[in-house]
Number of protein chains: 2
Amino acid sequence: MIFRGRFEYTIDPKGRVNIPARFREQLQESGQESLVVTNYQGCLYAYPSDDWARIEEKLSKVSSVDRKLNTFLRFFIGGGVEVVPDKQGRILVPPSLRSYAGLDKDVVITGMPNRFEIWSLTKWQEEIGRFEKEGFEDPELAREINSLGI
Amino acid sequence: MIFRGRFEYTIDPKGRVNIPARFREQLQESGQESLVVTNYQGCLYAYPSDDWARIEEKLSKVSSVDRKLNTFLRFFIGGGVEVVPDKQGRILVPPSLRSYAGLDKDVVITGMPNRFEIWSLTKWQEEIGRFEKEGFEDPELAREINSLGI
DNA sequence: CACCTTTCCCCACAATTACCCACTAGCGGC
DNA sequence: GCCGCTAGTGGGTAATTGTGGGGAAAGGTG
């Protein structure tokens, strides 16, 4: 499942964030009512619970010898929380995830293949700012993007 | 599908922009009623939904290991919104895209191979102005253009 | 076991969007 | 010129979406 579009919402003092109506529809159509949210790359990743199950399965087969990989697993799996939208279509983001992603008021939700991401507005702007400034100057990246034929 | 021509319209306070009648015809003839609009290079890219689907497929296969490429995906996929023209042939441009492209009143729609682009008039003028001033002086660009056999 | 905090489940209001319909300007044919 | 058509623009209303808050239930702590 691919999620498209970027949306701005506010997270309220209780820690609730709205999920874009379109995303909710997509979830319903695929017969899923819950999401798994976890932390990565400065933002929160939200997966439909079925997709998360597949990821979990793969991760559980990873050999846990490598210390760094192990740390990643701790962080990624350990961050994962299952959430169900309320009647208004909002999810409650637990404090640990909220503080990791620095969500306090304005948040950006952005679609990706397989998941969508929840960003604090300021972190999002930094992320995109970096791309817009450096991205076009990086010849390798430019070549890669060109090869996509967009 | 190739779109030709340049058109000037006004975006109304609700965020609606007209699509050139010719483009609408072309879409209808190819049996498509929806478009996907996204953000890139200071303007909005509008693809017929079938063409977008092909792009999306490629993008979703891209390894998301590289951080910068990931950021690009966030921006490009995250920007993408499916829109359907209303009975008058207009589309509603969501706030996030409107603010990215700086659309407030006068917009320019210009044809391209595979897509058409939506520009704010002022950004369009800057873009073209920059090209007219610097473009002809860039020997590499001149060579490339010549090799196109125009 | 009492108390405090967090989460869940409602309800209500505000803002935005979808879906109509109407008006005007320009162009072509008669 | 006059009519009729199409393209582009503007606006009203109903439905949907987003935001805020109250109070009951659940969970954690001394």
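To find a chain, count down the sequence lines: A is the first, B the second, and so on, and within it residues start at 1. A quick note: this is a predicted structure, and the numbers were derived from the prediction, not measured.
In this structure, B:Lys14 atom NZ and D:dT13 atom P are separated by 11 Å, rounded to whole Å. Straight-line distance from the CZ atom of A:Phe7 to the P atom of D:dT17: 11 Å, rounded to whole Å. D:dA24 atom P lies 17 Å from atom NZ of A:Lys87, rounded to whole Å. Rounded to an integer number of Å, the gap from A:Leu92 CG to D:dG20 C1' is 15 Å. Between the CD1 atom of B:Ile91 and the P atom of C:dT17 there is a distance of 13 Å, given to the nearest Å. Rounded to an integer number of Å, the gap from A:Asp12 CG to C:dC13 C1' is 15 Å. Going from atom CG of B:Asn18 over to atom C1' of D:dG10 covers 13 Å, rounded to whole Å. Between the C1' atom of D:dG8 and the CD1 atom of B:Ile11 lies a distance of 14 Å, rounded to the nearest Å.
The listed nucleotides are C:dA22, D:dG20, D:dT17; the one nearest the side chain of B:Gln88 is C:dA22.
Using a 4.0 Å heavy-atom distance criterion, B:Pro95 is classed as a sugar-phosphate-only contact. Within the 4.0 angstrom heavy-atom criterion, no nucleotide atom of any strand lies near A:Arg22.
Each of B:Arg90 and A:Asp86 has a nearest nucleotide on DNA chain C; the 5'-most of these lies closest to A:Asp86.
Classification of B:Glu57 and B:Lys61 as a salt-bridged pair holds, one side-chain N sitting under 4.0 Å from a carboxylate O. Note on B:Glu56 versus A:Arg4: salt bridge recorded, some NZ/NE/NH1/NH2 to OD/OE distance being below 4.0 Å.
The base of D:dG21 lies close enough to the side chain of A:Arg16 for a donor and an acceptor atom to sit less than 3.5 Å apart.
Between B:Phe116 and B:Phe7, the ring center distance fails the sub-6.0 Å criterion.
Hydrophobic clustering (ILVMFWY, side-chain heavy atoms < 4.5 Å, transitive): A:Leu27 and A:Tyr47 are in distinct clusters.
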